[in-house]
Amino acid sequence: MARDLIVIGNWKMYKTSREAADYIEQLLPKIEGNKARVFLAVPFTSIASAAACAKQAKLEIGAQNMNDARDGAFTGEIAALMLKEAGATFVLLGHSERRHIFGESEDLIHRKLARALQDDILPVLCVGETLEEHEAGNMKEVLKRQIESALADVPKEHAGDLILAYEPVWAIGTGKTATPKQAQEAHAFCRECLAEIYGKRKAGQISILYGGSVKPDNAKKLLSEKDIDGVLVGGASLDADTLADIIQHCEGIR
Ligand code: PGA
């Protein structure tokens, strides 16, 4: 089953809109002709300028968060429809920094995912266990719970409309990466969870990305595993040349 190879850069709270435009100008010529789909999750204020620069190119711009309501009196929040109109085609949901720093519950992530599907913006659902859960041997239990809670009651017509990202919390921004074998085992398990919800065929079509201290020197081995369909890159995506190097590793895979 040929699945899309996807590289997502997650800029977090870095780069102004002007810096975003300069970055994209630098990145585009370096990734021309590469078969990976490249996504950039940028700060809200950079979406419009990034989307304008990415136009015509094979580069998709998205957001890092959104509210679960269509609209309403929610000071400081942002809705899917606003993101879309600004040029975003996807949104990260359930990133570990949202779960652990901002206290987002599994129920809230579920409601956000349902809203993203309803308002037609592609959700990239991030899941992953903490160091404590990892050391206690609870990885599978945590992944199953996070996937099942987020995808509960997804209407049939939206079955499989998502990208999944496995990001072990202990590997995010720490310089520690899961070994390719560890990551493959987690990805295969995530796919089993998806198969229980959507059936084997649909689950076989969903791209599952690995995230957590991905760098040019570990990307290739991770990408060579059969259930790793791309990478979600934080710190190393802040430099256009470094992200381009990671994207180059998608050549020759599959
Ligand atoms: P990192 O971040 O690559 O800096 O570990 C990954 C992420 O937060 O998505």
Side-chain angles (χ1 to χ4, degrees), residues 5-15 19-20 23 27 36-44 46-47 50 59-66 88-104 109 112-113 116 122-134 139 142-143 146-147 150 162-180 182-183 186-187 190 207-223 225 228-250:
L5 266 176
I6 299 170
V7 176
I8 304 182
N10 173 17
W11 286 357
K12 310 193 180 190
M13 201 173 74
Y14 292 99
K15 297 196 191 294
E19 287 166 341
Y23 175 109
L27 180 70
R37 291 174 67 190
V38 181
F39 292 32
L40 290 177
V42 306
F44 294 140
S46 297
I47 292 174
L59 178 63
E60 295 187 43
I61 303 301
Q64 302 168 12
N65 183 30
M66 58 172 247
T89 58
F90 74 93
V91 60
L92 303 184
L93 294 179
H95 188 280
S96 76
E97 285 151 17
R98 300 298 318 170
R99 292 180 195 259
H100 300 294
I101 302 176
F102 299 100
E104 290 195 5
I109 294 161
K112 288 186 180 196
L113 192 128
L122 177 68
V124 178
L125 172 65
C126 305
V127 296
E129 80 285 5
T130 62
L131 180 62
E132 219 174 36
E133 291 162 339
H134 185 74
M139 175 194 77
V142 172
L143 294 181
Q146 291 180 346
I147 292 171
L162 83 151
I163 293 170
L164 190 70
Y166 168 61
E167 296 202 295
V169 182
W170 49 270
I172 296 181
T174 59
K176 280 190 210 159
T177 334
T179 63
Q182 271 175 325
H187 281 227
C190 288
S207 293
I208 306 180
L209 317 187
Y210 170 81
S213 297
V214 174
K215 307 266 179 308
D217 59 4
N218 58 25
K220 190 166 190 152
K221 282 211 169 112
L222 287 160
L223 286 162
E225 295 291 338
I228 301 184
D229 308 308
V231 284
L232 175 45
V233 189
S237 74
L238 292 175
D239 179 75
D241 287 343
T242 311
L243 187 68
D245 283 350
I246 293 173
I247 294 164
Q248 289 311 328
H249 288 308
C250 292

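Start at 1 and go down the list; that is how both ligands and their atoms are numbered.
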Could you go through ligand 1 and list every pair where one of its N or O atoms sits under 3.5 Å from a protein N or O, giving the atom names and the distance to one decimal?
from	atom 1	to	atom 2	distance (Å)
ligand 1	2 (O)	Lys12	NZ	3.4
ligand 1	3 (O)	Ser213	N	3.4
ligand 1	3 (O)	Gly234	N	2.9
ligand 1	4 (O)	Gly235	N	2.8
ligand 1	5 (O)	Gly173	N	2.6
ligand 1	5 (O)	Ser213	N	2.7
ligand 1	8 (O)	Lys12	NZ	2.7
ligand 1	8 (O)	His95	NE2	2.7
ligand 1	9 (O)	His95	NE2	3.2
ligand 1	9 (O)	Glu167	OE1	3.4
ligand 1	9 (O)	Glu167	OE2	2.6

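- In this structure, the separation between CG on Leu5 and OG on Ser207 is 7.5 Å, given to the nearest 0.5 Å.
- Tyr23 contributes atom OH, which lies 7.0 Å from atom CG of Leu238 (distance to the nearest 0.5 angstrom).
- Annotation: side-chain contact (heavy atoms from CB on, under 4.5 Å) contacts of Phe44 (sequence neighbours excluded): Ile47, Ala63, Asn65, Ile78, Leu83.
- No option in Leu143, Asp229, Val124, Leu125 other than Leu125 meets the side-chain contact (heavy atoms from CB on, under 4.5 Å) test with Leu164.
- We find the CD-CH2 distance between Glu129 and Trp170 to be 6.5 Å, quoted to the nearest 0.5 Å.
- Here the OG1 atom belonging to Thr177 is positioned 8.0 Å from the CG atom belonging to Asp217, to the nearest 0.5 angstrom.
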